[in-house]
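Worksheet for the structure shown next.
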Amino acid sequence: QTIWVQRIARPVIALSATTETVNQNVAMNGYTVTSTAGTVASYSLTGTLPAGVSFSTTTGRITGTPTAAQTATTYTITATNISGSGTAIFTLTVVRTYAVGDTGPGGGIVFYVSAANFTSTGSDCGTTCKYLEAAPNNWGASTTVEDLCRGVVADRDPECLWSGNTTIAIGATAQGFVVGSGYANTQAAVGQAGGGNTAGHAVAAAWDYTNNTKSDWHLPSRDELNELCKYARNTGQAAGAAIICADGELRTGFTGMTYWSSTEHNGEKVWVHPFGGLVTQDGKSWVGHVFRPVRAFG
């Protein structure tokens, strides 16, 4: 009598994708699992998944819509049969998403959410920016000259000029209107001769501001300021820069006074926005305006 014994190979598995970065509250793309050796009897997982995501012991797949952010986390997927097991590694990163009104990573107020990434050259987010946050309402809370420039209560009572240079044009490097150009505008203004060497000027105060370990704050561009006005007036983003903010009840922490932007008009004027009116230009040497630092992040 002859007895035949068939050896079953242990599983050797591979994943169609070994890493994924997904936004919070967005469904994962996931992966498929293939075995190039023995048939898999079951799967197991080592590692704790974020809320909203699950693992199948039948298919070996991680699927779902993560509802909590997490840094890059590595999971070990083990395929097993009667002869042994094989493993594969998958790394999942869940990026937090923000809504208007949330607290941003800089400790400020998120006031703008872009439908697509925008570029803010010099900001931490670089070419992958998606949000703008404004410094918190109490961002200037002392009686120093610079804080008077900041406006100690709801951005009021300023005692400063736009810049230390109020007569010479910076030029095209400080004329950006669009969302994302505020950092470069401010950098150009403080880099101009006399532009950033005197405490108490708006561009210098915004440039020097730090909060929650973030130091890439700046004076908003004209269009960034328009979005901040929409938040202050509680009117929504409404078609981006095409809609000029002018109406709506003012939120606590803002004033109906005129706010400085970082967008230069010419040697003596910059764009400004009364939070109760329409955008216009005004002299860099005017001392009756207020401002709020902002920053971009992704």
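Model, not experiment: these values are computed from the prediction. The analysis underlying the following values was restricted to heavy atoms, covering all of them including side chains, and did not include hydrogens, waters or symmetry mates.
Without hydrogens or angle criteria, Glu268 side chain to Gly283 main chain gives no donor-acceptor distance under 3.5 Å. The closest donor-acceptor contact from the side chain of Asn185 to the backbone of Leu219 lies at 3.5 Å or more, if one exists at all. A donor-acceptor pair under 3.5 Å links the side-chain atoms of Glu224 to the main chain of Ser221, judged by distance alone. At distances below 3.5 Å, at least one donor-acceptor pair connects side-chain atoms of Ser114 with backbone N or O atoms of Ala116. In terms of modelled atom types and a separation under 3.5 Å, the side chain of Ser83 and the main chain of Ile8 share a donor-acceptor contact. For the pair Ser262 (side chain) and Pro220 (backbone), a donor-acceptor distance under 3.5 Å is present. Within the 3.5 Å criterion, the main-chain N or O of Thr58 finds a donor-acceptor partner in the side chain of Ser56.
By the 4.5 Å side-chain criterion applied to Ile, Leu, Val, Met, Phe, Trp and Tyr, Phe177 is assigned to a cluster that also includes Trp271, Val279.
Aromatic ring centres of Tyr183 and His218: separated by under 6.0 Å. Taking the six-membered ring for Trp and the full ring otherwise, the centers of Trp217 and Tyr209 sit less than 6.0 Å from each other.
Met28 is listed as a side-chain neighbour of Glu20, based on a closest heavy-atom distance under 4.5 Å. Here the side chains of Val110 and Phe297 are in contact, with some heavy-atom distance below 4.5 Å. In this structure the side chain of Lys284 never reaches within 4.5 angstrom of the side chain of Leu161, judged on heavy atoms.
The CG atom of Asn137 sits 11.5 Å away from atom CH2 of Trp139, with the distance rounded to the nearest 0.5 Å. Atom CZ of residue Phe55 and atom OG1 of residue Thr48 lie 13.0 Å apart, to the nearest 0.5 angstrom. The OG1 atom of Thr258 lies 9.5 Å from the CH2 atom of Trp286; values are rounded to the nearest 0.5 Å. Note: Asp124 CG to Cys129 SG = 8.5 Å, rounded to the nearest 0.5 Å. Annotation: the span from Arg222 atom CZ to Glu264 atom CD amounts to 14.0 Å, rounded to 0.5 Å. Taken to the nearest 0.5 Å, the CD atom of Glu227 stands 8.5 Å off from the OG1 atom of Thr235.
Heavy-atom minimum distance, Ala79 versus Tyr43: CB-CE2, 3.6 Å.
For the side chain to side chain donor-acceptor pair (under 3.5 Å) test, no residue two or more places apart in sequence or in another chain qualifies with Ser181. Under the rule for a salt bridge (Lys or Arg N to Asp or Glu O under 4.0 Å), Asp282 has no partner lying at least two apart in sequence or in another chain. Applying the side-chain contact (heavy atoms from CB on, under 4.5 Å) rule to Ala232 yields the partners Leu250, Phe254, Phe275; only residues at least two apart in sequence or on another chain are considered.
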Let me have the donor-acceptor pairs involving side chains of residues 166-175, under 3.5 Å, with sequence neighbours excluded, atom names and distances please.
none

List the atom pairs, donor and acceptor, that lie under 3.5 Å between side-chain atoms in residues 85-109 and the rest of the protein, sequence neighbours left out.
from	atom 1	to	atom 2	distance (Å)
Thr91	OG1	Thr74	OG1	3.4
Asp102	OD2	Ala99	N	2.8

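Salt bridge Arg295/Glu133: present, at least one basic N to carboxylate O contact under 4.0 Å.
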